[in-house]
Amino acid sequence: MNIKQKLVQIVKESLGKTVELSEPKDPKLGDYSTSIAFTLAKEKSPKDLATKLVSKIKVDPKFVERIEIGGAGFINFWLNRDFIYNFLFGILKEGTKFGSSSIGAGKRVLVEFVSANPTGPLNVANGRAAAIGGSIVRILNFTGYEVDSEYYVDDYGRQIDLLEESIKARYQELEGEKVKFPEDGYKGKYIKDIARELRISKSREFRKYGIQRIVDSQHNTLKRFGVEFGNWVYESAIRKSGSPQRVIEKIKKLTYKKDGALWLKTTKFGDEKDKVLIKSSGEFTYVVPDIAYHLNKFDRGYEWLIDLLGPDHLAHIPELKTGISICNYPQDKLKVLIVQWVTLLKGKEKIGMSKRKGEFVTLDELIDEVGRDVARFFFLTRKCESHLDFDIELAKRESKENPVYYIQYACARISSILRFAETQGIKTKFPNLSLLSRQEELLLMRKLIHFPEIVELASTELTPHYISFYLIELAALFHNFYEKHKVVSDDSELTQARLILVSAVRQVISNALSLIGIKAPEKM
RNA sequence: GCGCCUGUAGCUCAAUUGGAUAGAGCACCGGAUUUCUAAUCCGGUUGUUGAGGGUUCAAGUCCCUCCAGGCGUGCCA
């Protein structure tokens, strides 16, 4: 249980009410605050009511040392100083586990993300999904869920036919034949590379080899980006398994035939139009294997499914959920997060993104240009549903004075201090933390206390960017402290206390960075 | 046309889910080092939160109308 929950519980015991606590923006207003008096006041004065409430709250002064009323009726709480000092020891004791919790209670979750078509290299938008999805996996894991990650490979359908034709055409070109390149074919250079490789190995497995080759390269890119998947699922395998037929059997009663096709009555569930399940050609549409795939996820024992999809899949969600629900599976256990597009800019000029035309900036190129950590952080300081203008020139410029270096630098600085202290033979055997009483020290400690709460919020809201912003704030407080106070000084007692403080800061920065998959360097 | 998303400082984005004076970074200007890392710090400047109405003690946040942009609206995936 984190500090906030503990305080909520104490207030509840005193007042018989659950109050919402928040961290005031201004630290002068306390460590926690509630606006409960406003909501309960009705006709009365919130301030009077707040006074009455405060007199009822019974709390151990060793935990909360002060409760005051601020503004027009906010109730503000200050934690006891000694409690905070002890908390520092707690951070160091917990180490890499500090901030973790068990709110997930071992619940099994499957996060599916990226799932790009195997028709070309991953682009910048895929990178955004990868960074967000990967971080969500880490955060859920850290908060007590049992998490797996999965990548769905759409290796079936028109785009794959086109891929095959494109590779074949390039192959024939290499053979010296005059061929017409497919109109909507994939024009990227990688197609030629694949054709060349096939020719060397004297193989004509355009489709199979092409897919495998592209999936491999996507895998490598993701690995480079710090994202690995527990499982790769192929649509073609789902189709072969027979499970799409079983889905049709289950939802038959809500379907009808028209124009030689089989339709699902999705309008009964609020959709605009009914959707086709089986085309007049006898083939399933995309949605059927997709429903089958999601049922399969539940069958494998996952209690909660999270999908990160692009906005182009938005229209597809109602029919997917409808299908799941008709098959008597809990569609409300499927959470879909929309990761909005990335609009690429070079200065003011827009760069088109089309795999067909072969025009796009790949994730690999982005990593080459700005580096893995910078690219990740760029994506992780935005919430996923916001449209993102990604200016490559800006990103390159920012890579010099980027917030990610700002944070990493704090880590490196602390490591350097600790190394220095060690060369001086300083030991922190019996530190007296009550010497930490300067403004900058108190602000730092208070920030550390909130870390587990931020992690928890990032977990319940599925918002990794909370971690990023927390990191920026924590690093800022540290740099500020560093400029004003020397850690290693002639004052041996104070030195020991400050070494404990900065060690705790480093631990928290390091834990937070690992949640968003960014390195915490000891030197820079 | 209809549905979803977005609109916040010159630019890119936050805002603890309805709370206190709307915050960061970049950019711009000026300063700080005999010191544990200057990839740092301090100071300066920046807002009709797209517009208008409504609900509320309290609105960037909720409701309505309008404006602008993106995506969708396939027997594609």
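Nothing here was measured: the structure is a model prediction, and the numbers come from that model. Labels below follow one simple rule: chain letters A, B, ... track the order of the sequence lines, proteins then strands, and each chain is numbered from 1.
Residues Arg207(A) and Asp161(A) are paired through a salt bridge, judged by an N-O separation under 4.0 Å between the basic side chain and the carboxylate. Salt bridge Asp274(A)/Lys265(A): absent, no basic N to carboxylate O contact under 4.0 Å.
Look at Lys383(A) and you'll find a side-chain N or O under 4.0 angstrom from OP1 or OP2 of A15(B). One finds no side-chain N or O of Arg413(A) lying less than 4.0 angstrom from the OP1 or OP2 phosphate oxygen of A39(B). At the phosphate of C76(B), OP1 or OP2 sits under 4.0 Å from a side-chain N or O atom of Lys279(A). Here Thr463(A) does not reach the OP1 or OP2 of U16(B): none of its side-chain N or O atoms lies under 4.0 Å away. Contact annotation: Asn402(A) does not reach the phosphate of C26(B) (side-chain N/O to OP1 or OP2, under 4.0 Å). Between A77(B) and Tyr286(A), no contact under 4.0 Å exists linking OP1 or OP2 to a side-chain N or O.
Tyr234(A) has its ring centre no less than 6.0 Å from the ring centre of Tyr156(A). Residues His479(A) and Tyr409(A) place their aromatic rings such that the two centres sit under 6.0 Å apart.
Residue-level contact check: Phe469(A) touches the backbone only, with heavy atoms under 4.0 Å from sugar-phosphate atoms and none from bases. Counting any heavy atom pair closer than 4.0 Å across all strands shown, Asp290(A) reaches no nucleic acid atom. Counting any heavy atom pair closer than 4.0 Å across all strands shown, Glu235(A) reaches sugar-phosphate atoms only and no base atom. Counting non-hydrogen atoms under 4.0 angstrom, Ser280(A) reaches a base of the nucleic acid. Residue Glu522(A) is in base contact, counting any heavy-atom pair closer than 4.0 Å across all strands shown. Nucleic acid contact class of Leu388(A) (heavy atoms, under 4.0 Å, all strands): sugar-phosphate only. At a threshold of 4.0 angstrom between heavy atoms, the contacts of Glu385(A) are confined to the sugar-phosphate backbone, with no base atom among them. Looking at heavy-atom distances under 4.0 Å, Ala412(A) makes contact with a base. Tyr466(A) comes within contact range of at least one nucleobase, with a heavy-atom separation under 4.0 Å. No engagement by Ser468(A) is indicated, since no non-hydrogen atom pair under 4.0 Å with the nucleic acid exists.
Interface residues of residues 481-490 of chain A facing RNA chain B, ordered by number: Tyr482(A), Glu483(A), His485(A), Lys486(A), Val487(A), Val488(A); criterion, heavy-atom separation under 4.0 Å.
For His465(A), whose side chain is taken as the heavy atoms from C-beta onward, the closest listed nucleotide among C57(B), A14(B), A77(B) is A14(B). Taking the side chain of Asn480(A) as heavy atoms from C-beta on, and the options C75(B), A77(B), C42(B), the nearest nucleotide is C42(B). Comparing C13(B), C36(B), U16(B) by their nearest atom to the side chain of Lys25(A) picks out U16(B). In this structure, the nucleotide among C75(B), U17(B), A20(B) sitting nearest to the side chain of Leu29(A) is A20(B). The side chain of Ser22(A) lies closest to U16(B), out of C13(B), U16(B), A77(B). Taking every side-chain heavy atom of Tyr409(A) into account, A38(B) is the closest of A38(B), C36(B), C71(B). Relative to the side chain of Glu23(A), the nucleotides U16(B), U17(B), G72(B) differ in distance, and U16(B) lies closest. Comparing U73(B), A77(B), U16(B) by their closest approach to the side chain of His313(A) singles out A77(B). In the set U12(B), G25(B), A24(B), A24(B) carries the atom at the smallest distance from any side-chain atom of Ile472(A).
Distance His479(A) NE2 to A24(B) P: 15 Å, rounded to the nearest Å. Here the P atom of nucleotide U8(B) and the CZ atom of Arg382(A) are 13 Å apart, to the nearest Å. Nucleotide C26(B) holds its C1' atom 15 Å from the OH atom of Tyr405(A), rounded to whole Å. Atom OH in Tyr470(A) sits about 17 Å away from atom P in G25(B), given to the nearest Å.
Separating the P atom of U73(B) from that of G54(B) is a span of 39 Å, rounded to the nearest Å. Nucleotides U16(B) and A24(B) have their C1' atoms positioned 16 Å apart, rounded to a whole Å. If you take atom P in U48(B) and the same atom in C2(B), they sit 31 Å apart, rounded to whole Å. Here the separation of C26(B) from C66(B), taken at their P atoms, is 41 Å to the nearest Å. U61(B) and U55(B) have their C1' atoms separated by 14 Å, with the value rounded to a whole Å. Annotation: G30(B) and G7(B) have their C1' atoms spaced 35 Å apart (nearest Å).
Cation-pi geometry between Arg413(A) and Tyr482(A) is met: under 6.0 angstrom from the ring centre, within 45 degrees of the axis.
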Show your working on side-chain contact (heavy atoms from CB on, under 4.5 Å) between Val502(A) and Leu444(A) and close with a plain yes or no. CA-CA 9 Å; Val502(A) 297; Leu444(A) 257 181; 5.8 Å; no
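Aromatic ring pairs are classed by plane angle as parallel below 30°, tilted from 30° to 60° and perpendicular above 60°; the pair Phe481(A) and His485(A) is tilted. Ring geometry for Tyr470(A) versus Phe451(A): interplanar angle of 30 to 60°, hence tilted. In this structure, Tyr293(A) and Tyr152(A) have parallel ring planes: the angle between them is below the 30° cut-off, well short of the 60° mark.
If you check distances only, the side chain of Thr285(A) never reaches the base of A77(B) with a donor-acceptor pair under 3.5 Å. Between the side chain of His387(A) and the base of C5(B), at least one donor-acceptor pair of N or O atoms lies under 3.5 Å. With hydrogens and angles left out, the side chain of Asn76(A) and the base of A20(B) share a donor-acceptor pair within 3.5 Å.
Using modelled atom types, one finds a donor on one side chain and an acceptor on the other under 3.5 Å when comparing Glu453(A) with Tyr32(A). With 3.5 Å as the limit, one finds no donor-acceptor pair spanning the side chains of Lys6(A) and Asn2(A).
Under a 3.5 Å cut-off, the side chain of Asn126(A) and the backbone N or O of Val114(A) do not form any donor-acceptor pair. Lys4(A) places a side-chain N or O within 3.5 Å of a backbone atom of Leu21(A) that can act as its donor or acceptor partner.
Looking only at side-chain heavy atoms (C-beta outward), Thr255(A) and Trp263(A) stay at 4.5 Å or farther from each other.
Stacking between Phe74(A) and A20(B) is present: the aromatic ring centre lies within less than 5.5 angstrom of the base six-membered ring centre, and the two planes differ by under 30 degrees.
Along RNA chain B, the nucleotide nearest Ser281(A) and the nucleotide nearest Ile75(A) are compared for position; the residue whose nucleotide lies closer to the 5' end is Ile75(A). Judged by closest nucleotide on RNA chain B, Glu473(A) is the one of Tyr406(A) and Glu473(A) placed further toward the 5' end.
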Base-pairing string, 5' to 3', of RNA chain B - Watson-Crick or wobble, under 3.5 Å, | interstrand: (((((((..((((.....[...)))).(((((.......))))).....(((((..]....))))))))))))....
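Annotated as syn: U17(B), whose glycosidic dihedral is within 90° of 0.
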